[in-house]
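These notes are about the structure you will find just below.
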Amino acid sequence: MVEIELDGKKVEVPPGSMVMHAAEKAGIYIPHFCYHKKLSIAANCRMCLVDVEKAPKPMPACATPVTMGMVVRTKSDKAIKAQKAVMEFLLINHPLDCPICDQGGECQLQDLAVGYGGTRSRYEEEKRVVFHKNVGPLISMEEMSRCIHCTRCVRFGQEIAGVMELGMSHRGEHSEIETFVGATVDSELSGNMIDLCPVGALTSKPFRYAARTWELARRKSISPHDGTGANLVVQVKGDRVLRVVPYENEAVNECWIADRDRFSYEALNSPDRLTQPMIKQAGQWHTVDWKTALEFVANGLKGVCEQHGAGAIGLLASPHATVEELALARALMQGLGSPNLDHRLRSHAFDHAAPAGKARWLGLPIAELSMLERVLVVGSNLRKDHPLMAQRLRQAVRKAAQVCALVSQRPDWAMPLHAVLQASARDWAAALARVAVAVAELRGIAGPAGTEGVQADETARAIARSLLGGQRKAVLLGNAAAHHERAASLLALAQWIAQQTGAAWGYLTEAANTVGAQLVGVLPGPAGLHAQQMLASGALKAALLLGVEPGPDTAADGSALRQAELVVTLSPFKTNLELSDVLLPVAPFTETSGSFVNAEGRLQSFQAVVRPLGETRPAWKVLRVLGNLLGLSGFEANTSQDVLAAVLPGVADGAFVPAARLDNTIDAAIDLTPAGRAPCVASIYQLDALVRRAPALQATADARAERVAREQGVCA
C-alpha cells in the first residue's frame, strides 16, 4: 500500500492508484467531469486539478499516480484558482439555455458552475454552434453545442458496450462528438450514455421535454425483462411513468441498465392498455365490472370441471410474472384439481426440468462473470439475449479471459472470441459432444456415454484446451439451448464438460422470473400437459393465460385454443382478442408489488410506483378473489408479502434462495440425433409484452431487422 497525505488526512491506497482514487477512499470530493469510476482515464476536462506539493503546476487528480509520502491539497488557493480557471474555459462556448435544458436540475456543469464559475464572462466573442445529429430513436443529440468533450460517451461505447459508435472528429474549437459517416447509435446499452453525459448534450429522446427533473418522484423497482434483475429507479409525475434510470447495485447490474430496461416504460402509457374487464358475447366485446367478469370466469371453470373434469383446464403463465402471481396461479390449478400448468412457453423439450422444488439457474453469482478466465457459451445470442451479462463477460475478456461459443451463426458479441464452433442449431448436441470428446482426449479418459464414435475437430480441441486452462471457468447455456429439442442432452454434455474441467455450469435464463417460476412449481403435475400440448393439442376446454400472448410468447401459435369453451386472458393489454372470451386487466410491474428471482437465485422485491390505471388490479389480487369465488382454500393472503412468505419462507429481499433449491445436475441419456425443429427464441425487442409495445424500442435497428427477418420467414 502507498500512503499519501490528502488535505491533512493520511490515506492508504494500492500502488498504481491515482489521487482521485485516494480522494474517493477518504471521502473527499474533487470536482470533475471526464472521470468515471467504470471508465478508463482520459484527463481531458482538467476540472480535477489539485495542488501537489513540490509540483510546479496543478496536477489532474484523475491522472496523477500516488507516490509514497505525496502531499496533496484539494482546497488550497492554488487548486481553487486552477479549478475556477478551467470552469471559465468550459463556459466560454456553453450556451445559456439552462431554462429549457432537460439536464437542468441534475447537471454536473450547472452544479459546479455555482461553486467555481464567475458571475460574468470576460469573453464577448460569439459562442460556437454545433449542428444537431440524428443518431436514432433513443438518444437525442439536438443540442451538441452544450458538449464539453469529456468523452465519457466515447469511452463507454468502446469499453463497456464494446462498440465505438461515437468518436471525436476535428481539432480545437472545431472538435465534435459524432457517429462515423452519419450512422445511428444501435448498441443495446446505448441509453447509459445519457446518464454518463455530465451536461445536456446527450438526452433521452422519448423523455425529451416531458417534465422537469425536480417534478419527478423517484421510486426503486426491478426490471421485468431478462434474468439479470437489473435494479431501476422509476421516475414518476402524477400517476404516469416518464423515465427509468439505473439504481446502482454492484452485485447485479453495477450502474448500467439495458435499453429495454430503460425505454420499455413507454408501453405503460400505450393506447393498447386494458383498463376495464371485458367479456365477449356473440362475437362482440363488452365492458363489464369486476364482479360480473370474475363470476363469469368462476362459473365457466366450474362448468368445465363438471362436464369434462378438471383435466380439461390448463394454465399458461409468463415467466415474467411475479413469484406471488405464479404461486397463486399454481394454487388455483391445484385447488381445481388440474395438473396442467406451465411457464416454459418457448420450449420444444420438457425432459430437462430440475427436481421437484428446485430450479435450474446460472450456476454462479452474476458478479463473478466479470472475473471468469475461461467461458463456453452454448446456444445464445449473448449480446442481445443478456446485454448486462454480456457486458460483464466483455470486462473479463479485457482482462485476458477466453470466451468460446457454440452457435449456428458467427456471433457479433462485441468482444474477441477465442474459438467459435459453428453448427446448425439442429446439430448442437453432436457439436457439443465433439467438445466433450476433445476434453476426454486431452485428459486421457473416456468420453461421456453416448458419444462413442464421435470425432473431435480442431475447433473442438481449441475449446477443450481453453477450458482445461485457467482457474475460474463456466459453461453457460443460452435461451436457444434451453428451448432446444435436445435440451436434456445439451445440459448433460455441459455438465460432463464442466465437471471434467473444473467449471461451473448453468443457464443464463430467459425471463425475469424463470428461476422463480421453477421454485414456485409452475410445472405440469403427474400426467399433466406441458405448454406445447396445451397450445397445440386441442385437449383443453378452458384455458387461463397469465400474461401470455400465444405466438409472440410461445413456440406454438395457440390456434388450438380456439376449440376451448372458455379462454381467459389476464394481461395489462388488449390482446388475444380472437382467442379469448374474457379479458381481465392486471397490473404491469409498475402498478403492483411483487418479487422476481433472477438467474443467480437472488430474490428481489419491489413495490408499485404508481396507482393502477383505470380498473386495473394486481394479478395476485385477481387470482386470490377468483380462488375465493371458487371456494378454494389457501387464498386468504391480504398482501403480496404474505403470499411470498408462504412460498419462499425465510428468504429476505436481496438474499439468495437456499443453495439446496438451486440445482443444475441432470442424469439423462445423451441423444445426438439431429433435432426436428430449430429452437424458438425471442429477439431482443420481442421478448415480452412491454418491449413489444414500446415505440422507441420498435424503431431501433434491432427491431427493424427482426421485422425484416419475420417477413422473410427467417426463424429468430
Side-chain angles (χ1 to χ4, degrees), residues 349 351-352 362-364 368-369 371-380 382 393 396-397 400-411 413 415-478 480-482 484-508 664-675 679:
D351 55 351
H352 60 292
L362 183 62
L364 72 167
E368 289 188 11
L369 292 174
M371 299 179 281
L372 292 175
E373 298 173 2
R374 301 289 189 272
V375 187
L376 171 59
V377 179
V378 179
S380 174
L382 181 67
L393 287 181
V397 170
Q402 294 178 0
V403 175
C404 302
L406 167 54
V407 287
S408 55
Q409 296 179 343
R410 183 78 189 184
W413 293 350
M415 67 179 86
L417 298 179
H418 179 72
V420 176
L421 183 55
Q422 284 185 247
S424 167
R426 293 178 172 86
D427 297 322
W428 280 349
L432 191 58
R434 296 203 296 272
V435 177
V437 169
V439 170
E441 287 179 359
L442 292 170
R443 292 203 60 204
I445 60 175
T451 63
E452 297 80 7
V454 174
Q455 298 294 317
D457 54 27
E458 192 50 44
T459 304
R461 292 189 184 95
I463 295 173
R465 283 192 294 269
S466 176
L467 288 173
L468 287 167
Q471 297 296 318
R472 295 182 291 271
K473 300 174 264 193
V475 180
L476 304 175
L477 299 167
H484 201 278
E485 275 191 24
R486 301 286 175 263
S489 297
L490 290 173
L491 178 57
L493 286 164
Q495 174 181 290
W496 189 90
I497 292 168
Q499 289 173 337
Q500 298 303 320
T501 59
W505 75 96
Y507 286 101
L508 292 163
N664 288 329
T665 59
I666 188 171
D667 182 13
I670 294 173
D671 182 358
L672 303 184
T673 58

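Values in this document were obtained by computation on a predicted structure and should not be read as measured data.
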- Expected output: side-chain His484 to main-chain Ala425 donor-acceptor under 3.5 Å: yes

- Run the salt bridge (Lys or Arg N to Asp or Glu O under 4.0 Å) check on Arg465 and Glu458 step by step: do they pass? CA-CA 10 Å; Arg465 283 192 294 269; Glu458 192 50 44; 2.9 Å; yes

- Would you name the heavy atoms of Leu467 and Ala474 that are closest together and state the gap between them? CD2-O, 4.5 Å

- Query: Do the side chain of Arg486 and the main chain of Thr673 share a donor and acceptor less than 3.5 angstrom apart?
  - Reply: yes

- Should we say atom CD of Gln471 is surrounded by more than 12 heavy atoms from elsewhere, each under 6.0 Å from it? no

- Item | Considering all heavy atoms, the nearest Leu672-Thr451 contact | CD1-CA, 4.3 Å

- Counting only heavy atoms not in Gln455, do more than 12 fall under 6.0 Å of its CD? no

- Under 3.5 Å, is there a donor-acceptor pair between the side chain of Gln495 and the main chain of Ile666? yes

- For the side chain of Trp505 and the backbone of Asn664, is there at least one donor-acceptor N/O pair under 3.5 Å apart? yes

- Message: Measuring only between side-chain heavy atoms, which start at C-beta, is Leu376 closer than 4.5 Å to Leu432?
- Response: yes

- To the nearest 0.5 Å, tell me how far Leu393 CG sits from Leu476 CG. 7.0 Å

- Query: Any donor and acceptor pair, going by atom type alone, linking the side chain of Arg374 with main-chain N or O of Ser466 inside 3.5 Å?
  - Reply: yes

- Message: In the structure I gave you, are the side-chain heavy atoms of Trp496 and Val439 within less than 4.5 Å of one another anywhere?
- Response: yes

- Task: Considering non-hydrogen atoms only, spot the tightest contact between Ala405 and Leu417 and give its length.
- Result: CB-CD1, 4.4 Å

- Note on the structure: Tightest non-hydrogen contact, residues Pro448 and Ile670, listed as CB-CD1, 3.9 Å

- Note on the structure: So CG of Leu421 and CZ of Arg434: to nearest 0.5 Å the spacing works out to 5.0 Å

- Interatomic distance, Leu364 atom CG to Arg472 atom CZ [nearest 0.5 angstrom]: 11.5 Å

- For the residue pair Lys473 and Thr501, what are the closest heavy atoms and their distance? NZ-O, 2.6 Å

- Without swapping roles, check the side chain of Glu452 against the backbone of Gly450 for a donor-acceptor pair under 3.5 Å. yes

